[in-house]
Amino acid sequence: MAASDRQAFPERVFSGVQPTGNLHLGNYLGAIKRFVQLQERFDCIYCVVDMHAITTWQDPKELAGQIREVTAAFIAAGIEPEKHIVFNQSQVAEHAELAWVFNCIARLGWLNRMTQFKEKAGKDRENASVGLYAYPTLMAADILAYKATHVPVGEDQKQHLELTRDIAQKFNNDYADSIRAHGHGDAFFPLTEPLIGGPAARVMSLRDGTKKMSKSDPSDYSRINLTDDADAVAQKIRKAKTDPEPLPSEEKGLESRPEADNLVGIYAALADVPKADVLRDHGGAQFSAFKGALVDLSVAKMGPIGSEMKRLTADPGHIDRILAEGADRARGMARETMAAVKDIVGFVRPR
Ligand code: TYM
């Protein structure tokens, strides 16, 4: 058993969302909606990861607006910045500092296996930024700067969280003597648990049930954006790809029907019920009828979030104050971790 499994760490949630534009239903159902629910049970830290965003080109004229938009989405969805912490990553320099230490812990072989880098870099890998390659070590730093024990994410982030555990484990092992000598017990970092699950852990494109719903899909009809109005939502759902069969009454009937499975999953996640319940109520229905019900549900659930986002983004000063206050509180915690890491590694620092 690893030392970090034996040692208890206080429970804490951390997660992040990139401000790269086009926040969509996948981000909401796979991540943000679950961030809101976890506030009941945990101390939560939610971060707008702007330093991750610039691993691919972001227009400086747009980026600040995108950062405020993700912050507005958090708050509009129900995240409470007074009780928990909401901030943007670049305001807490310790993330970058800890990421450097982790660059020296992570092995090239580990990063070479990251599928997200391969997907994002595409064929022109030589031209990808070094930041895109090192992306997962910064993500590990985000999480471990706060010794977070639980991280809610969509399915696509699973491999990055496994890497975070590998980094924590190797740090704990490589520096075991120093960790003990500095009075931190058997393990300095927890082995963070991913929280992935529910009917919307992987929301798929509305145009192709085998492809993930994504910000970067060239077709806007592939996704529902959080800022879409009711007409756009209705149009996108009505045009969504389906197959000719009616809906099955049991989950088994969704196998090898990716588009049907996706729409049922979206309905279930929006309604907060298991997929089996949706099929019990809608089994045997034609898609035209089911899509009508899905439009009504989506507009009822997403409409208020979209309009609240608009209201909040109209006052950028208010959002900036929330981010600055959140960053002050986050910085206090991250500084403490970073000071201890410096001692453990053997750096000299003022006392
Ligand atoms: P990002 O910004 O790409 O996505 C934000 C969150 O949305 C989830 N998600 C989805 N969930 C279900 N279906 C989809 N189609 C879908 N698309 C996106 C993502 O899994 C994610 O939870 N690397 C992260 C950001 C990050 C982070 C962190 C997360 C940086 N540091 C530390 C957790 C902890 C990312 O790119 O998310």
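Both ligands and their constituent atoms are indexed starting at 1 by order of listing.
- Protein heavy atom nearest atom 19 (C) of ligand 1, with residue, atom name and distance: D156 OD1, 3.4 Å.
- Atom 23 (N) of ligand 1 has its closest protein heavy atom at Y135 OH, 2.6 Å.
- Within the 4.5 Å cutoff, the side chain of K212 has no heavy atoms near those of the E155 side chain.
- In terms of protein heavy-atom proximity, atom 11 (N) of ligand 1 is closest to G26 O, 3.2 Å.
- Atoms CD1 and CZ, on I143 and F102 in that order, are 9.5 Å from each other to the nearest 0.5 Å.
- The two residues L29 and R34 make their nearest non-hydrogen contact at O-CD, 3.7 Å.
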**OP:** Begin with the C-alpha distance, continue with both residues' side-chain angles, and end with the deciding distance and a verdict on side-chain contact (heavy atoms from CB on, under 4.5 Å) for V341 and F189.
**Re:** CA-CA 10 Å; V341 165; F189 288 120; 3.9 Å; yes

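- Short contacts between ligand 1 and I143, defined as distances under 4.0 Å to a heavy atom of the residue, involve ligand atoms 32 (C), 34 (C).
- A side-chain N or O of D142 and one of Q89 form a donor-acceptor pair less than 3.5 Å apart.
- Atom 6 (C) of ligand 1 has its closest protein heavy atom at A31 CB, 3.6 Å.
- Residues I344 and H184 have side chains in contact (heavy-atom distance under 4.5 Å, counting atoms from C-beta outward).
- With a heavy-atom cut-off of 4.0 Å, V153 touches ligand 1 through backbone and side chain alike.
- Summary of contacts: the protein heavy atom closest to atom 25 (C) of ligand 1 is G16 O, 3.5 Å.
- Heavy-atom separations between K215 and ligand 1 include at least one value shorter than 4.0 Å.
- When non-hydrogen atoms are compared, ligand 1 lies under 4.0 Å from the backbone of Q18 as well as from its side chain.
- Contact analysis leaves Q89 out of contact with ligand 1, as no non-hydrogen atom separation drops below 4.0 angstrom.
- An N or O contact shorter than 3.5 Å is missing between V17 and ligand 1 by distance.
- With a 6.0 Å cutoff to the six-membered ring centre and a 45° limit on the axis angle, K239 counts as a cation-pi contact of Y221.
- Looking at S214 against ligand 1, nothing comes within 4.0 Å, counting heavy atoms.
- Residue, atom and distance of the protein heavy atom nearest to atom 15 (N) of ligand 1 are V203 O, 2.8 Å.
- Residue contacts with ligand 1: H160 is placed with no nitrogen or oxygen under 3.5 Å of a nitrogen or oxygen of the ligand (distance criterion only).
- Among protein heavy atoms, the minimum distance from atom 31 (N) of ligand 1 is reached at D142 OD2, 2.7 Å.
- N172 and Q169 are not linked by any side-chain donor-acceptor pair at a separation below 3.5 angstrom, with hydrogens and angles left out of the test.
- Aromatic ring centres of H282 and Y267: separated by under 6.0 Å.
- Under 4.0 Å from ligand 1, not a single heavy atom of T20 appears.
- Within 6.0 Å of the NZ atom in K275, the count of heavy atoms belonging to other residues, nucleotides or ligands exceeds 12.
- A ring-centre distance under 6.0 Å is not found for F14 and H150.
- Contacts with ligand 1 closer than 4.0 Å are made by no heavy atom of M204, backbone or side chain.
- Among all protein heavy atoms, the one lying closest to atom 17 (N) of ligand 1 is H24 CE1, 3.5 Å.
- For the pair P152 and ligand 1, the shortest N or O to N or O distance does not fall below 3.5 Å.
- No part of C47 comes within 4.0 Å of ligand 1, judged by heavy-atom distances.
- With a heavy-atom cut-off of 4.0 Å, N27 touches ligand 1 through backbone and side chain alike.
- To the nearest 0.5 Å, atom CD of residue Q37 and atom SG of residue C44 are 11.0 Å apart.
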